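Remember, predicted model here, so these are calculated numbers, not experimental data.
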Amino acid sequence: MTAPLHTLDATTLARALAARELKAETLAQALTERALALGPRLHAWAHLDAAAARRRARALDQAAAGGSASGALHGLPLGIKDNIDTAGLPTAYGSAVYAGHVPQADAAVVALARAAGAWVMGKTACTEFANMTPCATRNPHVPAHTPGGSSSGSAAAVAAGLVPLALGTQTAGSVIRPAAFCGTVGYKPSPRRLPRAGAKPNSDTLDEIGVLARSVADAALLSGVLGAWGAGPAPRLGGDAATPRLGVTLTSRAQALSAPMVAMVEDAAARLSAAGATMQLAVWPEGFDSLFDAQRTVQVFETAMALAAERQYRRRQLSAGLRALLDEGAALPAAAYAAALSTAQATGLRIEELFGQAEVLLTPAAPGAAPRSLRQTGDPAFNRPWQLLGCPCLTLPGGLDAQGLPLGLQLVARPGQDARLFEVAAWVEERLEARTITHAACGD
């Protein structure tokens, strides 16, 4: 293969591996060398044992040589977020509380990926208990800027060409936002499409497993193995997919958006309309503004319950920010939590008022590009409503701003319409030429 292996997407690598044109160990050698070289600048990994990674890849090559290799992901390496259990690999949930913890069993998504032939390259860094206190990961484009969170290391590793695919989790915006900030594809499914067993909980109502990838086809490849299409057919990616009906909304919080973000969304809408998509303005319905605060109420209340043991018995090992959040959640009246859940139910019943004739909405993935800070992970405001409504979401790279930082375009579908979301996303990706860029700040 003539192109550097770290620049190739998962679908290209999968074809080469299946055809025996590429060995998994060769791929492992190239990616671990790159990971070790960029490690001091990027800090994407919570745990990476290069020798062990190459042994795992070599075992798959040996199985293939013996005729027993199978699976859609054969030979592909994965990054697994540190709050998702992996048998035999340290999993600390982004916290000193669990330093040295090694699970005895894989999370369900890890087991499914391994059964399909993938191998785990390492554990990607995440924020403390997948909340808001940052880890050490830096943005691959401009390292003084945040990569977003909480799936910080997963997004940075995919964007920097350390691994073609990674798993993350999202409770508010923890897949979509870092994907936007790092310039990758990110997918957050409809509720319970991907099994959550073995991921450290934060919010039973809101938590979802997500995927970070270099293209829509890559995200579909991994998501399909993990069960994203439910009992329905897989998405048709390519020219035979129907021309989409799209809606555009900046939500009720448009005043918080940067000028480049607004311009990016408007330019994307204009280009897609010119390419043949049916376009409409999706007006934010009265009462939907309450979704922003309601999502946060549900998250904070349930996180205080999920991390009750850590708050009670390991309080001194928690960051000040997390202690404050858990105290806030523990002090919330049950009536406020119930009201927030009622808001979700009431607005969900009115979701057609927002979508109208549109199949998929175009909306910002974040207020703007990644902030210049390593002490925060950015604002998840433009993810909160969709998370509470249970809408599947997918982020595409929307280009770079004047500083060379990515802007993310978020695509949102009705709950349960994950396959159609992917079809539309592939159509949009092709027409906007929205591809992950492996960038100069990482030495390319």
For Glu328, enumerate each residue passing the side chain to side chain contact (heavy atoms under 4.5 Å, CB included) test, keeping only those at least two apart in sequence or located in another chain.
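If we apply the side chain to side chain contact (heavy atoms under 4.5 Å, CB included) test to Glu328, skipping adjacent residues, the hits are Arg296, Val300.
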
Could you give the distance from [atom1] ([X]) to [atom2] ([Y]), rounded to the nearest 0.5 Å?
| X | Y | atom1 | atom2 | answer |
| --- | --- | --- | --- | --- |
| Lys123 | Lys81 | NZ | NZ | 11.0 Å |
| Leu246 | Leu281 | CG | CG | 13.0 Å |
| Thr169 | Leu194 | OG1 | CG | 11.5 Å |
| Leu78 | Leu73 | CG | CG | 6.5 Å |

Side chain [X], main chain [Y], donor-acceptor under 3.5 Å:
| X | Y | value |
| --- | --- | --- |
| His43 | Arg138 | no |
| Thr278 | Arg245 | no |
| Glu21 | Leu13 | no |
| Ser174 | Ser150 | yes |
| Trp119 | Gly75 | yes |
| Ser151 | Gly168 | no |
| Ser190 | Gly416 | yes |
| Glu429 | Val216 | yes |
| Arg34 | Ala160 | yes |
| Thr297 | Asp293 | yes |

Test: [X] and [Y] ion pair at under 4.0 Å:
| X | Y | answer |
| --- | --- | --- |
| Asp82 | Lys200 | no |
| Arg253 | Asp289 | yes |
| Arg420 | Glu359 | yes |
| Asp327 | Arg323 | no |

Any non-hydrogen side-chain atom of [X] less than 4.5 Å from a side-chain atom of [Y]?
| X | Y | answer |
| --- | --- | --- |
| Leu396 | Val428 | yes |
| Phe292 | Leu388 | no |
| Leu27 | Pro77 | yes |
| Leu22 | Leu5 | yes |
| Ile84 | Thr91 | no |
| Asp218 | Leu222 | no |
| Thr377 | Phe181 | no |
| Leu162 | Leu42 | yes |

Residues 330-343, side-chain donor-acceptor partners within the protein, below 3.5 Å, at least two apart:
residue : atom : partner : partner atom : Å
Tyr337  : OH   : Glu302  : OE2          : 2.4
Ser342  : OG   : Ala338  : O            : 3.1
Thr343  : OG1  : Ala339  : O            : 3.1

Check [X] against [Y] and note the closest heavy-atom contact, atom names and distance.
| X | Y | answer |
| --- | --- | --- |
| Ala365 | Thr395 | CB-OG1, 3.7 Å |
| Gly408 | Ala180 | CA-CB, 3.7 Å |
| Ala72 | Leu221 | O-CD1, 4.0 Å |
| Leu17 | His74 | CD1-O, 3.4 Å |
| Ala413 | Leu421 | CB-CB, 3.9 Å |
| Arg414 | Gly356 | NH2-O, 3.0 Å |

Before giving the answer on side chain to side chain contact (heavy atoms under 4.5 Å, CB included), spell out for Leu291 and Arg384 the whole-Å C-alpha distance, their side-chain angles and the decisive distance to 0.1 Å.
CA-CA 7 Å; Leu291 286 166; Arg384 291 189 187 278; over 6 Å; no

Any luck finding a side-chain donor-acceptor pair between [X] and [Y] under 3.5 Å?
| X | Y | value |
| --- | --- | --- |
| Asp207 | Thr171 | yes |
| Ser152 | Thr137 | no |
| Thr184 | Arg214 | no |
| Ser252 | Trp284 | yes |
| Tyr93 | Asp85 | yes |
| Gln410 | Thr363 | no |

Evaluate the criterion side chain to side chain contact (heavy atoms under 4.5 Å, CB included) for residue pair Leu361 and Leu411; output intermediate values, then yes/no.
CA-CA 6 Å; Leu361 302 179; Leu411 308 181; over 6 Å; no

Does NZ or CZ of Arg350 fall inside the cone over Phe288's six-membered ring, less than 6.0 Å from its centre and within 45° of the axis?
no

Check against side chain to side chain contact (heavy atoms under 4.5 Å, CB included), Leu318 and Phe129:
CA-CA 10 Å; Leu318 305 179; Phe129 290 114; 3.7 Å; yes

Taking CZ in Arg372 as the centre, count heavy atoms belonging to other residues, nucleotides or ligands within less than 6.0 Å. Is the count above 12?
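Atom CZ in Arg372 is not crowded, with 12 or fewer foreign heavy atoms closer than 6.0 Å.
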
Around atom CD of Glu352, are there more than 12 heavy atoms from other residues, nucleotides or ligands closer than 6.0 Å?
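Buried by this count: over 12 neighbours within 6.0 Å.
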
I would like to know whether Gln295 and Gln299 meet side chain to side chain contact (heavy atoms under 4.5 Å, CB included); could you show each step before the answer?
CA-CA 6 Å; Gln295 187 280 336; Gln299 180 175 348; 3.0 Å; yes

Option from Arg192, Arg193, Lys188, Gln170 for which side-chain hydrogen bond (donor to acceptor under 3.5 Å, both in side chains) with Glu208 holds:
Arg192

